[in-house]
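The structure displayed is predicted, hence computed values, not measured ones.
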Amino acid sequence: MQSFDVVVIGAGAAGMMCAAEAGRRGRSVLVLDHAAAPGEKIRISGGGRCNFTNLHAAPANFISANPHFCISALRRYTQRDVIALVDRHGIAWQEKTLGQLFCDGSSRQIIDMLLAEMGRAGVTLRLSTRVDSVERDADGFVLALAGEATGPVRCQSLVVATGGRSIPKMGATGFGYDLAARFGLKVTETRPALVPLTFEPALLERLKPLAGIAVDAAEIGSGRTRFREAMLFTHRGLSGPSILQISSYWREGQEIEVSMLPGTDVFEWLRGARAASGRRALHTVLAEALPKRLAQAIADAEGAAGNLADLSDKVLRRVAEAVNGWRVRPAGSEGYRTAEVTLGGVDTVGLDSRTMEAKAVPGLYFIGEVVDVTGWLGGYNFQWAWSSGWSAGQAV
């Protein structure tokens, strides 16, 4: 039976960060993953360019049943630390909107960076290896393995970095949640997050002509939460950054509120246009600020054909409400198939916020997406992976 000080299950961002840090401290470390290649979610992130962190990452950008849990890790290993690591590896990057940082080149550079860090720290990586079972004894943990590397492995510390259920075609499973429950840890409700929202068939039929149309800076609200980013009409419903963001807060049965020209008093704008050039058609004026097909669809839906001069204030108010006060009830979401992350996870009540260790199971750690800490869209979930992975790496 092979023995290691630390075994990390999951060769994603959090797992590889943790392994490299533990190895750097002189620990013997084995990383296991059932996939044939490491960092598969890193590879596809950011359109293949990896949105590896966000300049504005702070606890307020994360959702958890305990919003204070993430504070320690985020303060101990910050976005500035990530940038310094990326810079040391000579990876060129750029800031896009809202503090999002992307590689200039391929996301593969981030994977190579992590592999290099693990290599220098003497970490052993075994891919195409499934963990069949985990048992605990007086000396630590014993893992039964299947795949390219068979036979049991023993370790003093076990780190679970298996991610959530999102994107199952890439091998995502609920393994980490099952393992947590196996050792008596609670798991909060899990659901798809950062995911497109869908409509029921009748509404989809009405909106079908709008599929593919984007609104550059829509404000989407659910309850008291608001996000202002791009929105996209799809053949299933709505997508785009603002929709993905609000999906983490929306629940089935609730409406979302859509403002397509936030900050604009659409009624007063249309009244002014009517007074200045009443012979113009409403859809022509709307098309100055909205995509042409969308402007036409709103005019048609509100019965506002003809010249502006022929439209009453009542009609203009109705149009303004359609533009900036559209309330719609999604039927659901596209689910884990397209969700970027999983909301919920291992209950933080059972974890030490400084080390990520299970309070009731010494030597057992949970990091990254498997934990009930979910970031906004835009590099925040990567920052949680780096921060939680680094924190556990200092403790195992």
Side-chain angles (χ1 to χ4, degrees), residues 8-21 39 41-42 45-46 50-83 85-86 98-102 107 110 113-114 159-167 172 176-177 180 187-188 190-195 244-245 247-249 339-357 365-395:
V8 179
I9 308 176
M16 289 194 281
M17 170 63 83
C18 176
E21 288 300 315
K41 285 189 76 173
I42 299 175
S45 66
C50 191
N51 180 193
F52 59 86
T53 192
N54 194 294
L55 291 176
H56 308 308
N61 306 118
F62 295 84
I63 306 166
S64 174
N66 176 9
H68 302 292
F69 179 82
C70 64
I71 293 174
S72 176
L74 292 173
R75 283 181 177 172
R76 294 176 68 212
Y77 195 81
T78 72
Q79 54 269 46
R80 298 297 174 186
D81 295 311
V82 177
I83 293 168
L85 175 62
V86 169
L98 303 175
Q100 301 173 66
L101 304 188
F102 288 79
S107 56
I110 299 296
M113 175 189 79
L114 293 167
V159 182
V160 182
T162 51
R165 302 180 190 274
S166 56
I167 318 183
Y177 310 132
V187 177
T188 68
T190 57
R191 56 183 289 118
L194 300 184
V195 63
L244 300 188
Q245 296 279 36
S247 72
S248 297
Y249 295 85
E340 296 201 12
V341 292
T342 301
L343 189 70
V346 177
D347 196 332
T348 59
V349 169
L351 302 179
D352 185 311
S353 64
R354 186 173 176 84
T355 65
M356 306 293 132
E357 186 176 21
Y365 300 76
F366 292 85
I367 58 176
E369 188 182 344
V370 74
V371 179
D372 176 29
V373 176
T374 305
W376 290 0
L377 183 72
Y380 296 102
N381 287 292
F382 270 120
Q383 185 58 49
W384 172 244
W386 311 135
S387 296
S388 60
W390 184 92
S391 296
Q394 310 309 306

Under 6.0 Å from the CZ atom of R80, do we count more than 12 heavy atoms belonging to anything else shown?
no
Reported [atom1]-to-[atom2] distance for the pair [X] and [Y], which is rounded to 0.5 angstrom:
| X | Y | atom1 | atom2 | result |
| --- | --- | --- | --- | --- |
| T355 | I367 | OG1 | CD1 | 11.5 Å |
| Y365 | S391 | OH | OG | 11.5 Å |
| N66 | T348 | CG | OG1 | 4.0 Å |

Side-chain heavy atoms of [X] within contact of [Y], under 4.5 Å:
| X | Y | value |
| --- | --- | --- |
| D81 | W390 | no |
| L101 | I83 | yes |
| I42 | M16 | yes |
| L85 | M17 | yes |
| M113 | V86 | yes |

Give a yes or no on whether the backbone of [Y] and the side-chain of [X] come within a donor-acceptor separation of less than 3.5 Å.
| X | Y | answer |
| --- | --- | --- |
| S387 | Y77 | yes |
| T342 | S166 | yes |
| T53 | Q79 | no |
| T188 | G344 | no |
| S247 | A193 | no |
| W386 | F52 | yes |
| E21 | A392 | no |
| D372 | A65 | yes |
| D347 | V187 | no |

Which atom pair, heavy atoms only, marks the closest approach of [X] to [Y]?
| X | Y | value |
| --- | --- | --- |
| G176 | T162 | CA-OG1, 3.2 Å |
| K41 | E369 | NZ-OE1, 3.1 Å |
| G164 | Y177 | CA-OH, 3.2 Å |
| Q383 | T78 | NE2-C, 3.4 Å |
| M356 | A73 | CE-CB, 3.9 Å |
| N51 | G378 | OD1-C, 2.8 Å |

Criterion side chain to side chain contact (heavy atoms under 4.5 Å, CB included) on E340 and V195, from CA distance to verdict
CA-CA 6 Å; E340 296 201 12; V195 63; over 6 Å; no
The side chain to side chain contact (heavy atoms under 4.5 Å, CB included) partner of F62 among T374, I71, L74 is L74
Which of parallel (below 30°), tilted (30 to 60°) and perpendicular (above 60°) describes Y380 and W376?
perpendicular
